[in-house]
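Values below: every heavy atom of this structure, side chains too, minus hydrogens, waters and symmetry copies. In listed order, ligands and their atoms are each counted from 1. No experiment lies behind these values; they were computed from the predicted model shown.
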Amino acid sequence: MDIVLPPARLARRTERLKPSTIREMLKVTQNPAVISFGGGLPAAELFPVDDISAAQGRVMRTRGAAALQYSVTDGIPELREWVAARLNARHGLGVCTEDVVITGGSQQGLDLYGRVFLDAGDVVALENPSYLGAIQAFDAFEPRYLPIESDADGIVPDALAAAFAAADPLPKFLYLVPNYENPTGNTLAAQRRPQVVDICARFGVPVLEDDPYGEIWFEHPAPPPLIANAAKGAVTYLGTGSKMVAPGLRVAWMVIPDRDLRDKVVTAKQGADLHSSSYAQYVFHAYAEDGARLEAHLRRVRATYAQRRDAMTAALAKEMPAHVRWNVPAGGMFLWATAGAGIDTEELFERAVRDDVVFVPGRPFYPNRDRGDGMRLNFSAMPQARIAEGIARLARAVRGA
Ligand SMILES: Cc1ncc(COP(=O)(O)O)c(C=O)c1O
């Protein structure tokens, strides 16, 4: 006989844990007839399968036992060195190997940061809209959200300063995605970055900078990260191999220059999983250590995604009625459209799915769920012809609204 668990047995925080709209949608997209602009999937046909396979062979021949053994919580030293060296070479940062903690995806970094900062009722400041997966990770710690006005150039510094001045208590931290944001595709303008860092320093609010897309730029590289402008310890930086190489490896990194904070994060990680897969860390490192090979791969990814972005914006211009608006992101995997004409995109989603096309309705990306006209459109995962067909179907759904 099944035993039914009474809801009162579960922790109160589970009441806020709703299955993510995106994870739910991935189930629909298993159907090959469906054209999906919904998931945040990198283009699978670009994964460097042969090179990863060769890297795996090298690891097994040379480091096989270490790769299969338990390892240290903060990550294998060669990968931590690689992360520090890459950030220092790209941005002239002074990251030390000890500052780096390897995590199981940046998603784990979000969870660990929430774990060490948040008690129930604490305040988190974030862009509006923000990455749904971050809201989901922080929700487990029952915070309140302070959404900060954001526009096409990212978070608005004056609005940030005004929100902090009025906040009581101050937020525990500011979370943002400065490059080609998920969901909007917007980038925090270069001149705003030092302003944001200064405002946070003035109010003593630490910054969590989440940068999965910074290397996926199209016409020109992204501006320097916030951590480049900050006093040591003011910014924690998250990077990941998921969009650069492949998300299935679950290899990502936190740069935590503040030593006390890093110790807390490492202890929290130890309690969560002891360490990230040693095997995946060695394989990722064996693949990525050849800088020329990685650059060639990134060039392919950037060029393909830029073509797909262009295919999507061209199809939108051709198919959509005038009340639909969208941006043209300078990198990443998503663009943001607003439906206009009073259309609620959660209702639009129901019609679109009947015509075998899906996207992510905007409402869950707003921490207060107070805007329903947005849609996140992923352009990285589909070939150009499917993008054109999918946008034509979506335009039919909009016109039928
Ligand atoms: C802004 C943002 N942060 C974090 C993540 C999680 O990435 P990872 O695969 O490294 O866990 C994603 C994935 O889509 C993302 O868009």
Side-chain angles (χ1 to χ4, degrees), residues 20-26 29 36-44 47 75 79 83 100-115 124 126-140 150 154-155 173-188 207-217 222 225-227 235-255 265 269 272-273 276-277 280-281 284 288 301 305 329 331-336 359-360 362 364-367 376-381:
S20 134
T21 322
I22 298 179
R23 294 277 102 75
E24 290 300 294
M25 189 177 338
L26 283 175
T29 59
S36 176
F37 303 132
L41 300 185
F47 289 151
L79 182 56
V83 169
V100 178
V101 178
I102 304 299
T103 56
S106 282
Q107 196 64 29
Q108 185 182 40
L110 298 170
D111 173 72
L112 294 175
Y113 201 83
R115 255 176 224 238
V124 175
L126 29 60
E127 292 153 293
N128 200 30
S130 262
Y131 170 51
L132 191 53
I135 297 174
Q136 201 183 11
F138 302 147
D139 268 353
S150 311
I155 207 159
F173 59 86
L174 168 69
Y175 167 74
L176 45 70
V177 180
N179 297 315
Y180 327 123
E181 197 216 359
N182 180 359
T184 62
N186 289 334
T187 292
L188 181 61
V207 178
L208 180 57
E209 175 175 30
D210 185 10
D211 188 23
Y213 304 105
E215 299 242 25
I216 317 294
W217 48 266
L226 276 76
I227 195 172
V235 175
T236 293
Y237 175 93
L238 303 183
T240 177
S242 288
K243 309 296 154 60
M244 291 167 67
V245 181
L249 291 168
R250 309 308 298 135
V251 170
W253 43 92
M254 299 179 87
V255 178
V265 167
K269 179 168 167 63
D273 66 355
S276 297
S277 159
Q281 292 183 66
F284 182 90
V301 171
Y305 291 7
M333 307 194 335
F334 305 104
L335 67 75
W336 185 255
F359 61 90
V360 190
F365 296 102
Y366 292 96
R376 190 192 75 175
L377 298 176
N378 168 272
F379 53 78
S380 58

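Taking 4.0 Å as the cut-off, Glu181 does not count as a neighbour of ligand 1 on heavy-atom distance. Residue contact annotation: Gln108 has no non-hydrogen atom under 4.0 Å from ligand 1. Under a 4.0 Å heavy-atom criterion, Gly133 is not in contact with ligand 1.
Taking the six-membered ring where tryptophan is involved, the planes of Phe284 and Trp253 are tilted, since the angle between them lies from 30° to 60°.
Across every non-hydrogen atom of Glu181 and Pro129, the tightest pair is OE2-O, 2.8 Å.
Counting heavy atoms only, Asp210 comes closest to atom 3 (N) of ligand 1 of the residues Leu249, Asp210, Thr240.
Among pairs with a residue in residues 106-115, those fulfilling salt bridge (charged side-chain N to carboxylate O under 4.0 Å, His left out) read Asp111-Arg115, at least two apart in sequence or across chains.
Close contacts of ligand 1 with Tyr213, meaning ligand atoms under 4.0 Å from a residue heavy atom, involve 14 (O), 15 (C), 16 (O). Within ligand 1, the atoms closer than 4.0 Å to a non-hydrogen atom of Ser242 are 8 (P), 9 (O), 10 (O), numbered from 1 in the order shown. Here is the list of ligand 1 atoms found below 4.0 Å of a heavy atom in Arg250: 8 (P), 9 (O), 11 (O). Atoms of ligand 1 found under 4.0 Å from any heavy atom of Pro212 (numbered from 1 in listed order, with element): 1 (C), 2 (C), 3 (N), 15 (C). Atoms of ligand 1 found under 4.0 Å from any heavy atom of Asn182, numbered from 1 in the order shown, are 14 (O), 15 (C), 16 (O). Atoms of ligand 1 found under 4.0 Å from any heavy atom of Gln107 (numbered from 1 in listed order, with element): 6 (C), 11 (O).
Ring centers of Tyr113 and Tyr175: at least 6.0 Å apart, outside the cut-off. Ring centers of Phe138 and Phe173: under 6.0 Å apart, within the cut-off.
Distances between N or O atoms of Tyr175 and those of ligand 1 include no value under 3.5 Å.
Residues satisfying the side chain to side chain donor-acceptor pair (under 3.5 Å) criterion with Lys269, sequence neighbours excluded, are Gln108, Asp273, Ser276.
Using a 4.0 Å cut-off between heavy atoms, Pro247 makes no contact with ligand 1 at all.
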